[in-house]
There are 2 protein chains.
Amino acid sequence: MDDLESEPSPDGLRTTAYALLGLLLFREETSGYELKQLADRTLRFFWFSPAMSQVYSELQRLLEAGLVSARRVPGPGRGRTTRLFRITPLGRARLVRWLEASEAEFPILKHSVALRLFFGHLTGAPHARELLQGYAERLRERISELEAIRAAIRDDPELGYPAMVAEWGLRYYEAESAIVRDLARRLAGDTAHEVPSTSQAADPSPE
Amino acid sequence: MDDLESEPSPDGLRTTAYALLGLLLFREETSGYELKQLADRTLRFFWFSPAMSQVYSELQRLLEAGLVSARRVPGPGRGRTTRLFRITPLGRARLVRWLEASEAEFPILKHSVALRLFFGHLTGAPHARELLQGYAERLRERISELEAIRAAIRDDPELGYPAMVAEWGLRYYEAESAIVRDLARRLAGDTAHEVPSTSQAADPSPE
DNA sequence: TGTAGCATGTAAGCCGTTACATGATTGA
DNA sequence: TCAATCATGTAACGGCTTACATGCTACA
């Protein structure tokens with residue numbers, strides 16, 4: 001089982017650091033705050049959106065490694081200063097090297113809905129159906145969000161790759177919706193017997 | 001942004017602890033070692049398979065909370081002892097309560113292939129295509145593994161829910177395969193211009 | 001003879017989170 | 001006037017991983 005789990009690259013930087021570094025490519029200069037917002041609109045859909053505090057700490061690390069530069073500017077807020085970050089040529093080169101030299105890990109899915117369905121015999125078909133319906137609902141929200149984003153970037157020729165990823169996400173969500181719908185339907189037929197299993201269940205896998 | 005990130009339940013146990021606890025339902029008694037193997041064949045596909053050391057520490061925690069019991073038996077290996085764990089009635093009750101009382105989080109996806117594709121303009125269409133083809137290859141492996149598992153559990157009436165999850169996984173992988181195939185095809189048309197973007201790219205999202 | 005599998009753990013460390021601390025501006 | 005937004009961080013903690021430590025049995 002050599003599922004190379006995001007080995008720390010020679011730079012000592014993790015995938016998340018490179019992800020944030022890459023986002024800087026799409027901006028001239030950004031504050032940490034703004035970068036977090038950008039992550040919420042992009043990374044969130046296929047990686048994850050780091051906490052505000054992590055954004056700052058990753059930026060600090062990238063700064064120390066020379067992959068980004070920073071300058072302080074006043075405001076907004078009279079006494080306060082804002083730090084604006086920018087990717088350096090070295091940063092860009094390192095990002096490219098990382099993309100070319102390192103292997104992509106197989107995607108990691110933490111799917112708590114599937115996990116709960118796995119134990120469905122404990123709570124019964126009606127509960128499982130509600131679980132799936134709740135998930136379907138949240139999927140619809142996600143789809144709306146992502147559709148809005150895709151519509152906004154669709155025709156920008158500079159954003160072909162982000163657009164592909166957005167489409168990937170949409171098709172993924174739509175596949176999920178279809179599967180969930182089918183499973184819920186199948187459970188509807190079973191609704192008769194509630195929480196049927198009192199006995200110890202059998203082995204879920206053969207020897 | 002209230003994406004309730006796996007809040008520690010009143011028990012102080014995380015999802016992973018409940019996941020392992022739930023796996024014990026499918027066995028009379030297991031060693032930590034065997035539980036890890038079971039996790040590799042089940043949890044891995046929709047949650048993640050914890051490291052060996054984590055399996056032991058979660059079991060220890062569950063033991064202290066009285067949700068599992070343990071007994072030591074000799075062997076195999078003359079001087080060595082094996083600890084066999086078993087879910088307690090309390091454990092089962094707590095698992096049910098957790099399933100019923102807590103909300104399922106929206107699935108978390110760490111998709112490094114999509115992340116890399118997002119930055120595809122840095123490495124060019126041929127590289128992106130290779131990335132997708134490599135992923136497609138690994139997807140095929142996963143599909144084979146999961147198909148074998150599904151075939152083995154398919155007709156056991158006690159394992160209806162695990163079978164549903166296996167099917168979910170298969171359909172998910174098949175959707176991924178289809179999307180990846182289409183994206184790779186689209187990139188094939190673009191192969192002419194290698195690494196086209198030297199200029200700073202534009203904003204990936206509208207103001 | 002050596003390596004893979006069975007079996008159990010401890011220790012160190014990083015990744016990422018929540019909670020905390022601070023403070024100005026804008027708009028309801 | 002009160003909340004939201006902009007903006008920057010620090011501290012504490014938990015989850016999970018890798019590395020380390022140990023040793024037997026079966027098999028090639």
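To find a chain, count down the sequence lines: A is the first, B the second, and so on, and within it residues start at 1.
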Q: Please report the closest heavy-atom contact between B:A104 and A:L131, naming both atoms and the distance.
A: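 The answer is CB-CD1, 3.9 Å.
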
Specify the separation, in whole Å, of atom [atom1] of [X] and atom [atom2] of [N].
{"X": "A:Q54", "N": "C:dC14", "atom1": "CD", "atom2": "C1'", "answer": "11 Å"}
{"X": "B:R14", "N": "C:dC15", "atom1": "CZ", "atom2": "C1'", "answer": "14 Å"}
{"X": "B:Y56", "N": "C:dT10", "atom1": "OH", "atom2": "C1'", "answer": "13 Å"}
{"X": "A:E34", "N": "D:dG9", "atom1": "CD", "atom2": "P", "answer": "15 Å"}
{"X": "B:L63", "N": "C:dT8", "atom1": "CG", "atom2": "C1'", "answer": "14 Å"}
{"X": "A:L43", "N": "C:dC15", "atom1": "CG", "atom2": "P", "answer": "16 Å"}
{"X": "A:L38", "N": "D:dA7", "atom1": "CG", "atom2": "C1'", "answer": "17 Å"}
{"X": "A:L35", "N": "D:dT8", "atom1": "CG", "atom2": "P", "answer": "10 Å"}

Counting side-chain heavy atoms from CB outward, which of [options] is closest to [X]?
{"X": "B:T82", "options": "C:dA7, C:dG16, D:dG9", "value": "C:dA7"}
{"X": "B:K110", "options": "C:dT8, C:dG16, D:dC6", "value": "C:dG16"}
{"X": "A:P50", "options": "D:dC16, C:dT17, D:dA7", "value": "C:dT17"}
{"X": "B:Q37", "options": "C:dC6, D:dC16, C:dA7", "value": "C:dC6"}
{"X": "B:S53", "options": "C:dC14, D:dC16, C:dT10", "value": "C:dT10"}
{"X": "B:M52", "options": "C:dT8, D:dT17, D:dT8", "value": "C:dT8"}
{"X": "B:R72", "options": "C:dG9, C:dC6, D:dT17", "value": "C:dG9"}
{"X": "A:F48", "options": "C:dG16, D:dC16, D:dA7", "value": "C:dG16"}
{"X": "B:R61", "options": "D:dC6, D:dG15, C:dC15", "value": "D:dG15"}

Q | Test side chain to side chain donor-acceptor pair (under 3.5 Å) applied to B:R61 - qualifying residues, sequence neighbours left out | A |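 Partners of B:R61 by the side chain to side chain donor-acceptor pair (under 3.5 Å) criterion come out as none, since no residue qualifies.
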
(Q) Rounded to the nearest 0.5 Å, what separates atom OG1 in A:T30 from atom CG in A:L23? (A)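 That separation rounds to 8.5 Å.
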
Q) Looking for any heavy atom pair under 4.0 Å, which part of the strands does B:K36 touch: base, sugar-phosphate only, or nothing? A) nothing

Q) Are the charged groups of B:R171 and B:E174 less than 4.0 angstrom apart, N to O? A)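 Salt bridge between B:R171 and B:E174, a charged N being under 4.0 Å from a carboxylate O: no.
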
Q. So, B:S177 and B:R142: side-chain donor and acceptor under 3.5 Å apart, yes or no?
A.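 No pair is found: no donor N or O on one side chain lies under 3.5 Å from an acceptor on the other.
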
Q: Could you check A:E58 against B:F85 and say which one's nearest nucleotide on DNA chain C is further toward the 5' end?
A: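 With A:E58 and B:F85 compared, the 5'-side residue is B:F85.
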
Q. Relative to the 5' end of DNA chain C, which residue comes earlier, B:S31 or A:T16, by the nucleotide with the nearest heavy atom?
A.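 The answer here is B:S31.
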
Q: Please test A:F26 against B:F118 for ring pair (Phe, Tyr, Trp, His ring centres under 6.0 Å), starting from the C-alpha separation and ending with a verdict.
A: CA-CA 11 Å; A:F26 298 101; B:F118 191 83; 5.5 Å; yes

Q. Quick one: is B:R83 getting a side-chain N or O under 4.0 Å of the C:dG9 phosphate, OP1 or OP2?
A.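 Yes, such a contact exists.
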
